[in-house]
Amino acid sequence: MMTEATQSQINLEQLMSEIREAVARREAEGRASLAGATLELYEAMLAADQPSAQSVEVSPLELQPEFVRNPDNRYHINDLLQYHDRTFVWNAYRAILKREPDEPGLNQYVKTLRSGRYNKTDILASLRFSVEGKSNNVEIVGLERRPFFRHLYRVPVLGYLLEMLVAIVRLPTTIHGQRQFQEHVLARQELMASHFNQLSRTAFLVSESVSNELSEGSASQKKVAELQRQQVAALFREQRQMSDRLATLSIETRNRLNRLHGSSRRVLEPAGASQPEDASRFDELLAAFADEFRGTRDEVKDGLQRYLQLLETANIKNRVLDLGCGRGEWLELLKEAGLEAEGVETNHALFERARALGLEVIQADALSHLRSVPDASLNAVTGFHFVEHVPFAILIEVIDEALRVLRPGGLLIFETPNPKNLVVAACNFNSDPTHHKPIFPETLRFVLSQRGFANILIEYVNPAPGSPFVEDNDMSRALDSWFYSGRDFAVIGTKPEEIRATPE
Amino acid sequence: MANLKRIAVVTSHLAPGDAVSNDVMGMYEAFLRRGYDARMYAGSSDFDDPVVHPISEIRSFIDQPDDLVIYHHSIAWTPGQELLRDATCRVGIKYHNITPAKFFVGFSSWHEEMCRTGRDELKEIAVAGCDLYLADSSYNRKELVELGAAPGKCLVVPPFHHIDRLESLDADEKVLDTYRDGKTNILMVSRIAPHKGHMALLEAFAMYYLDYNSECRLIIVGKEEERFQRYSRKMRDVVSSLLLDGAVVFTGPVTDRALKSYYLLSNLFAIASEHEGFCVPIVEAMALKVPVVAYASSAIPDTLGDAGVLLDERDPVLMAGAINRLISDEDLSFNLAVNARQRYDRHFSNDKIETELFGALSQLTS
């Protein structure tokens with residue numbers, strides 16, 4: 001059939017066994033902890049509400065025989081009068097109105113019966129001679145005449161006499177009925193007495209088992225408490241996992257926002273001016289410049305080794321932010337050493353190069369990125385050959401933001417060309433068209449200290465090789481220092497454990 | 001059936017939104033379409049239109065041996081029994097099943113008595129030698145045969161339903177807007193009654209919600225009855241003790257338009273009912289392409305067939321696992337829904353049911 005052919009083939013048996021396997025795997029991993037504890041707790045509480053399963057069974061007391069309807073719609077009044085209370089009304093409905101009682105009707109009749117206002121015969125008559133009863137026309141032998149007599153009872157004096165007369169005439173029958181009733185009641189009493197005896201025997205057994213249960217009760221209370229503890233523990237676990245997930249998400253979101261910010265800027269700029277193509281060509285040019293002048297990746301990485309040791313000594317393993325990360329040599333070095341770090345770079349071409357290497361890098365300017373980072377969330381902020389590219393006022397802001405985002409004890413590391421080396425100051429520094437101004441080592445140390453960093457060190461690194469000034473005299477030492485001292489210097493500051501109030 | 005002219009479709013009570021009433025109406029309309037002189041008779045009715053005649057007047061309509069009475073049996077009703085006993089015409093039974101009284105113990109003594117009596121009546125009906133016994137499902141048919149009805153006269157004809165109407169209605173936009181918020185929606189449709197397995201469903205949902213996906217909700221569509229107050233209360237206690245507050249929605253009674261919306265916005269239909277004679281909501285889910293997960297109780301396997309996931313054990317862990325699989329595997333979910341719709345078209349559309357019904361009635365003459 002066509003329809004059969006179009007039906008997607010799903011092997012339900014295989015599907016079920018896959019579901020079973022997945023569930024079993026999950027349970028083996030112990031991952032169903034919270035729901036497991038919750039359901040067990042729920043069941044324990046339910047069990048505590050319920051009577052013990054070992055309570056003794058008492059058979060129900062059956063005082064009334066089963067009612068069987070007559071197919072020929074004929075009953076003797078006694079067929080119906082033998083029932084009592086609720087069962088009487090239920091059966092009267094079924095016999096006379098040939099239907100089950102509606103709920104209000106049933107309740108109303110049971111109520112009037114119990115109040116003694118109506119007797120059972122009255123109720124039978126009321127049902128039989130109702131509109132519905134008349135249309136069903138069920139014959140009840142012994143019920144017919146009563147309504148007629150009852151009307152006459154209402155006639156003054158005569159009614160009274162008539163009622164008396166009827167009573168006297170009916171006396172033998174009434175006495176007979178009374179005797180029957182007496183027998184009936186006595187028989188029922190017998191039944192009830194033996195039922196009561198059974199109950200009291202049962203009560204004794206139950207009281208014994210209750211005292212046993214009381215001692216077991218405290219054990220089950222303990223179990224409930226233990227399960228509640230487990231539930232709370234599972235909730236805490238769950239909450240911890242969630243807050244971790246949340247932290248990861250917020251970093252992810254921030255990165256995405258920054259990327260979006262970068263890309264939207266790239267998209268929006270063309271609308272503003274006719275610069276975009278020029279700007280991106282500029283990026284390419286500068287990236288090519290870095291390739292030409294900054295040295296090979298390996299050379300650069302060699303030069304950065306010492307800072308890796310610095311981080312390792314400080315036991316820093318993650319949350320490192322590198323400002324102006326360029327081609328990402330430092331990020332790569334950290335990644336190889338197993339440290340988690342993130343870089344920020346404005347130059348699109350450099351950013352793409354770093355990203356192509358699989359490094360965590362964001363295209364943004366350093367200051368605006370720093371502003372988006374939460375307080376005390378980073379272990380280290382670094383910037384290699386970064387500060388000389390930034391106007392002084394911006395640099396101060398960068399330092400302030402770095403202080404804010406570092407956790408107490410976190411490190412700030414800047415490396416920049418050393419102007420005390422005259423070759424660097426007079427020549428090399430000017431080779432890079434994006435350089436702003438050389439920064440004097442003591443100036444940088446002073447600024448860091450003023451903005452709130454502590455334990456500030458200056459290190460001179462990358463000395464020029466092949467100094468001819470090796471003699472041990474003042475002139476030689478001065479010349480060596482002017483021309484062959486470290487071509488770069490590093491400033492390393494620590495965010496104090498207790499932050500001093502920074503000067504406004 | 002050439003000599004069959006007058007047909008009376010009979011039941012105890014007719015009310016809107018009730019599955020048995022929908023079947024009675026559907027059957028009545030099918031008879032009219034095919035040119036029979038048909039009428040509906042009931043003990044009471046909440047409808048003004050079409051006309052439902054009081055059961056006391058049935059003898060003025062049905063008086064020839066060739067006439068046919070179809071009595072829908074779903075609860076205790078003495079006039080139904082009387083009708084069968086006194087019938088001088090042909091008699092067909094439509095058996096919708098009766099919930100065993102044990103489910104109502106401790107919740108409603110009224111239902112307990114009505115269902116116990118209804119089951120007693122069923123015993124009489126099964127051996128009354130009626131001309132035809134129609135059952136909603138194989139499960140219902142099996143009960144009739146076990147109670148002594150002649151197997152050759154017992155046939156399965158699914159109940160007529162209101163799904164055509166549901167399909168033609170516009171969905172309720174407000175409901176769609178409220179619950180289409182990116183969360184996973186799991187749906188259960190049924191009145192709030194003790195045999196419908198709400199507790200078991202809540203357990204399974206708790207497992208899924210706590211262990212797999214807290215971005216989800218369980219929507220329980222159905223009327224709460226005054227008589228089952230204790231059950232409703234217990235259900236709410238369970239919701240809070242399972243830490244599900246806010247994740248479970250009880251809609252109460254809803255309009256057909258809202259009902260359609262609930263099906264449209266749900267990712268999955270889950271049911272843990274302990275007793276069903278047919279289960280129309282499963283057919284609604286199939287028609288509206290919502291994949292179904294269910295415990296394989298009573299008539300549910302007959303209705304769902306291989307168009308959904310049936311669980312043989314009542315195990316909340318397993319049901320949660322099955323829910324997770326369907327929610328996370330969109331291809332599977334989609335294909336199951338497609339299969340479900342095909343099953344609906346093949347077996348449960350009102351047209352197919354009409355064909356089945358007249359096929360069964362042709363037995364009367366053969």
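Numbers restart at 1 for each chain; the letters A, B, ... are given by sequence-line order, proteins then strands.
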> Under the 3.5 angstrom rule, does the side chain of B:R325 hit a backbone N or O of A:M16 as a donor-acceptor pair?
Replying inline: no
So, the part of B:I75 with a heavy atom under 4.5 Å from chain A: the answer is neither
Closest non-hydrogen contact found for B:D306 with A:L12 is O-CD1, 3.3 Å
Mind checking whether B:D211 and A:R26 have side chains closer than 4.5 Å, heavy atoms only?
yes
Exercise. Run the side chain to side chain donor-acceptor pair (under 3.5 Å) check on A:E100 and B:T117 step by step: do they pass?
Worked result: CA-CA 9 Å; A:E100 284 61 39; B:T117 312; 5.4 Å; no
| request: Find out whether A:R86 and B:S109 are in side-chain contact, i.e. whether some heavy atom of one side chain is under 4.5 Å from a heavy atom of the other. | output: yes
In short, A:V23 meets B:L318 closest at the heavy-atom pair CG2-CA, 4.5 Å
Open item on the list: Any non-hydrogen side-chain atom of A:E103 less than 4.5 Å from a side-chain atom of B:R227?
Closed with: yes
If one checks every heavy atom of A:N136 against chain B at 4.5 Å, the contacting part turns out to be neither
Highest number of heavy-atom pairs under 4.5 Å with chain A among B:E203, B:E113, B:M114 belongs to B:E113
Closest heavy-atom pair, B:L336 versus A:I10, reported as atoms and distance to 0.1 Å, is N-CD1, 3.6 Å
Q. So with a 6.0 Å cut-off around CZ of A:R74, is the heavy-atom count from everything else above 12?
A. no
Q. Is it true that A:R99 and B:E82 have a side-chain N and a carboxylate O under 4.0 angstrom from each other?
A. no
Under 4.5 Å to a heavy atom of chain B? For A:N11 that would be neither
Rounding to 0.5 Å, atoms CG (A:D102) and CH2 (B:W110) come to a distance of 6.5 Å
The reported gap from CD1 in A:I19 to CD1 in B:I323 (rounded to nearest 0.5 angstrom) is 10.0 Å
When the 4.5 angstrom heavy-atom criterion is applied to B:F334 and chain A, the contacting part is neither
Fill in: Within 6.0 Å of CZ in A:R256, more than 12 heavy atoms from elsewhere
no
The interface call for B:S12 against chain A, heavy-atom contacts under 4.5 Å, is neither
